[in-house]
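Structure record follows, encoded as structure tokens.
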Amino acid sequence: MPPIKRTKFKLAPEQLLEMFYWLKLIRAFDERLSILVKQGKVRSGVYTGIGQEAIIVGTCYGLRREDFICPLHRDLGSFLMKGVEPRVMMSQMFGKVTGLSKGRDSALHSGVDELGIFGNTSMLGSNLPVAAGLALTFKMEKTDNVVIAYFGEGASNTGDFHEALNFAGVQQLPVVFICENNQYAYSVPSEKSMAIDDVADRAHGYGFDGVAINGNDVLAVYQATLGALARARGGDGPTLVECKTYRWHGHSEHDKAFYRTDEELAMWKSRDPIPTFTTYLRTRHVLDDAKQQEIEGKVKTTIDEAVDFAMNAADPAPEDAVTDLYA
Amino acid sequence: MPPIKRTKFKLAPEQLLEMFYWLKLIRAFDERLSILVKQGKVRSGVYTGIGQEAIIVGTCYGLRREDFICPLHRDLGSFLMKGVEPRVMMSQMFGKVTGLSKGRDSALHSGVDELGIFGNTSMLGSNLPVAAGLALTFKMEKTDNVVIAYFGEGASNTGDFHEALNFAGVQQLPVVFICENNQYAYSVPSEKSMAIDDVADRAHGYGFDGVAINGNDVLAVYQATLGALARARGGDGPTLVECKTYRWHGHSEHDKAFYRTDEELAMWKSRDPIPTFTTYLRTRHVLDDAKQQEIEGKVKTTIDEAVDFAMNAADPAPEDAVTDLYA
Amino acid sequence: MGKELSYLEAIREALAEEMRRDPKVFVLGEDVGAYGGAFGVTQGLYDEFGEMRVVDTPISESAIVGISIGASLRGYRPVAEMQFADFISCGFDQIVNQAATLRYRYGGRSAVPIVVRAPSGGNVGGGLYHSQNPEGWFIHRAGLRVVAPSTAYDAKGLLKAAIRDDNPVVYFEHKYLYRRVKGPVPDGDEIVPIGVAATRREGSDITLLTYGAMALPSLDAADRLAKEGVEVEVIDLRTLLPYDRDTIFRSLEKTSRIVIVHEDVKTLGLGAELAAVIAEERFDRLDAPVVRVTYPDTHCPFSHVLEAANLPNADTIADALRRVAAY
Amino acid sequence: MGKELSYLEAIREALAEEMRRDPKVFVLGEDVGAYGGAFGVTQGLYDEFGEMRVVDTPISESAIVGISIGASLRGYRPVAEMQFADFISCGFDQIVNQAATLRYRYGGRSAVPIVVRAPSGGNVGGGLYHSQNPEGWFIHRAGLRVVAPSTAYDAKGLLKAAIRDDNPVVYFEHKYLYRRVKGPVPDGDEIVPIGVAATRREGSDITLLTYGAMALPSLDAADRLAKEGVEVEVIDLRTLLPYDRDTIFRSLEKTSRIVIVHEDVKTLGLGAELAAVIAEERFDRLDAPVVRVTYPDTHCPFSHVLEAANLPNADTIADALRRVAAY
Ligand SMILES: Cc1ncc(C[n+]2csc(CCOP(=O)(O)OP(=O)(O)O)c2C)c(N)n1
Ligand SMILES: Cc1ncc(C[n+]2csc(CCOP(=O)(O)OP(=O)(O)O)c2C)c(N)n1
Ligand SMILES: [Mg+2]
Ligand SMILES: [Mg+2]
């Protein structure tokens, strides 16, 4: 595997604080969802990305509105960063008319073309050919927009993964493939679903580079993504960036995750991306108590408001069960 | 890519002559088919492996009856080596009752469980998961039987390829994957369908070794396969052996193959596996004029007899269009 | 026969008993191992039978089916689990082309005794990709058998029959019934034969044909109609391919009226075939139109309001029965 | 309108004209580039439009469809070619789950204007995997449109309509008709609207519903019946989803008798739905059973004897018409 491209970057304090805000907001969004499930208020399957936030923040932070993302089920945060209002996203989880699906589905199953967000089906891996198709149009137009496509290490075992990455390699498409390797696909540890350590190695079978990085370090993710984005925007084709991480919760909120040890979880909790980044900001005097309180306050207000909005929003009308099927 | 395993082997003169016979027989079988198509006598799609015979002979020669093969469309010769009589195989091409399919289909679309031959559908790549399933049973039984699964470089871009090789890697299955890389998938040259030079490289994404070898050298193929077979029989899992080769005819007998140059074809004809091996045998005094004539005579008789048999065999009865569907 | 099991436990018991009876029976799928499956169906099997007979697979539906087919050719009887029936679309080719056609193309010389278990159906808030009823696609494919039990008794008995059947069987188990339905189950070697419907309620005025979860509201509706003086004969088809013509036609002799209820969509749901066959072969026996009560031609929405709007229920079924009774 | 084109040329002309009209239209598939497609349908397009609008793909049906979907979300109108309709099973999930549901799950805010061209049908000696008529699976999926032209005129006009339609359209072009059928074609912007059947022959005694290659023997049979004094109205459905209820019901008003002819198998072929709808909604208009003349419930065998035994033809259709006339 080639060494990680060390792209130089400089982020202004406000930018670092913005990243901090996103980390906090995304964490809070998922944590609230988890509570809402336990309260029986959200009935959707909820697959939190708690513990994995650095990946979303690090990969989405450098994106333009025109760039497209193709998220996976743990990536609701990427919808927010790409411009979906928290109240809309929360409505989506409640199945209300104010959600992206107008109640037809929940979670990631809806997108916004104008914001560059593709909303996938549940079929793992099936977002990747779509990502290639989006990227193909950017190549056709000779723009320097890009597509970021996310997938779990488990999904990297699907046929669609292979067909999509191969096509992207052949066509040198402007797409960055982000593997969120959280060690498990539902209950199955990655060593029982692939005989390799790094999903990044698969990139070489498609003629482009793959790198494995610390997915819990938001700046490392940002840096690796920057390099991959630069390559893609410059017409040099795809990159696979594998972010090693861990999900704190079960596969879904209904999964007790007996298949892993408390020690393993504790070890990974000690690598929580948020405190790490907080310390980084504090030692550099970008963040102080006041700023942190202000940001945490804003996060709380935003989430509270989103939940209120969603809970008070209307259910769809029964008649709409059969509309919006055909254009 | 790791170096080709240099497995030592010694073949007795009779064995070398057997290999020579198979090369000749398989070539003659396909050449006759080609003529029969032009005469309008065979109406099946005919995809000859002319020019690629060293792969089949080199890979099948070391097999036991219990071992399984999962051939691709150019591998009718492997049916013969695994024990299907030429007259039965020829009947298969004519769609006669005496063929493996009893007229239901032609070519590779039928198998013989007792001979360890799997007959695939047309869907490229779809034999590879089946190969993994066969190999899984050998592993379950702790026998040292193996499966050999063939695919073209074009088929290595299918989802089934990926899912099958990944599973074989995870389970360390006794299977040898043979890529017949003849540079083209129908009209599409491999550089337009994959951004890598060697399909063998894909093996590393599945946790096992891949080697690329000269597919027109029957002894090189035999040697590489021996190494892979030994590994598989010893419980050390799969190997991908990529055999570089070239098909002389068009994709099918109806394809004029305008997409390639005369020079390219001439270059590859100069690497014809049969004369190369003939010279080898002659310089080692394994083969002389008399032996060669004897073998060529036997080949001709066998093919003539097979064609006679097939042409005189009965068509299936119309009623059988709907039988044999359910057990 | 004092023992009562839930529908889900009945499936599990069938698996365990068949695995004890026949060492060639094994299960494979995602999370079926130590975890016991997404719904817990395979719980305990891993402990009893070990990892070579309870095989956790990567996320590779096509390979899961293909591997099953390969193993079946060596005399094994694999039971593959799709985590949700919705994902069967990812293994579609292996089922409809590889499994369904093998015996035919082999001229009757082999068979594919696999079972594909597919947890199907809505009314569980699963949304578009966790609620599907894909049975229609498989009923439309010759060479397969399709079953869909509605009671614990049939869940067990039909699964045993499916495992022992020499043909590929797609076994639809309805998620709504898993824990909501309980009842006695067959003992020992007793099976529920494939191809035989069950008359759940006798009646002389209308024949109601249904299967799966719709058996419940259908029986409710029949009870209501009884209070209104209309006796509805409720036939639970249990096997969808081949469906039980004799039982249907025999009932029609009595009633001369047919209502069909299913959760699959209307257009080319099984009801279409039943109605067509009846209109074709028993035209003169019909005193009223054959009425279908089905899911509308749309997808299964997440919002409970929308989902409820789409699902047939005792009210809509009773209405249809009244209309037919009054015709 | 002096120009006559073959069915195949008509398809090609539709592609070329639409590509000239709208720069967002492009084609993709295996061998569609310089080679011009397995059947020559895309010949000339590569020279005129170049490799970015006539995209040769790897052998990756699932990706071909997924890429098309991705491109369509950015306003493109991809026309994907399956080399044979049979291989559509390998791209099944992307069609039935990704494409068919996107608009619904997006709450109507987006659309998937793709066309999947699928060369279908038998009577060409193709055997099990080069002769299939898979339209039934797609008619069974809400969110798709399905068309199947039988004349050069419709081949061109329906393809133009399909390309301009904002919904995913599966376009079945019958291989038997490619060079056997010739005729005038629409000019310029004229299209054949989706959802409208064509009455090929007027008649007052029996309504015959058909589509695709079966239109030919159906018209022959109608001619024969005319000589016997029975006037058959032959309706070519052209669009299978949504089929043209109005035209069907209007004809039924006249004839009170229906015969349905298709090459797809009987069980859950489109005829089932048509028969069911008629029996449900026009029960009292029927003077005879709705009779289906279809492929039997089996696969398409290679042997011409077997294939001929399975295909409906003018004799079997005429027999059915006579039976219905005499009822
Ligand atoms: C094709 C398909 N098969 C199975 C599933 C069921 N499923 C949902 S998530 C999941 C595990 C995914 O693992 P991974 O890709 O590593 O992502 P993670 O959940 O770990 O983030 C499974 C098996 C699915 N959604 N799609
Ligand atoms: C899934 C699938 N897609 C397309 C085809 C049509 N097809 C038959 S052979 C072929 C080319 C195969 O190329 P390769 O795998 O390299 O094998 P080769 O013919 O070169 O030996 C194609 C596209 C097919 N049989 N199956
Ligand atoms: Mg994971
Ligand atoms: Mg090739």
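A quick note: this is a predicted structure, and the numbers were derived from the prediction, not measured. Here is the naming used below: chain letters follow the sequence lines, and residue numbers restart at 1 for every chain.
- No side-chain donor-acceptor contact under 3.5 Å links B:Thr245 and B:Asn182.
- A salt bridge links B:Asp67 with B:Arg233: the closest approach of a Lys/Arg side-chain nitrogen to an acidic carboxylate oxygen falls below 4.0 angstrom.
- Ranked by heavy-atom pairs under 4.5 Å with chain B, the list A:Gly237, A:Ser193, A:Ser156 is led by A:Ser193.
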**OP:** Start with the C-alpha gap between B:Asp217 and B:Arg271, add the side-chain angles, then the distance that decides, and say whether salt bridge (charged side-chain N to carboxylate O under 4.0 Å, His left out) holds.
**Re:** CA-CA 9 Å; B:Asp217 176 345; B:Arg271 300 190 199 167; over 6 Å; no
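- Note on ring orientation: taking the six-membered ring where Trp is involved, the planes of A:Tyr246 and A:Trp268 are parallel (angle under 30°, cut-offs 30° and 60°).
- Considering CD of B:Glu264 and CD of B:Gln183, their distance stands at 7.0 Å, rounded to 0.5 Å.
- Of residues 158-170 of chain B, those residues with a non-hydrogen atom less than 4.5 Å from any non-hydrogen atom of chain A are, in numerical order, B:Thr158, B:Gly159, B:Phe161, B:His162, B:Glu163, B:Asn166, B:Gly169, B:Val170.
- Ring geometry for A:Phe208 against A:Phe177 counts as parallel: the plane angle stays under 30°, on a 0 to 90° scale with 60° as the upper cut.
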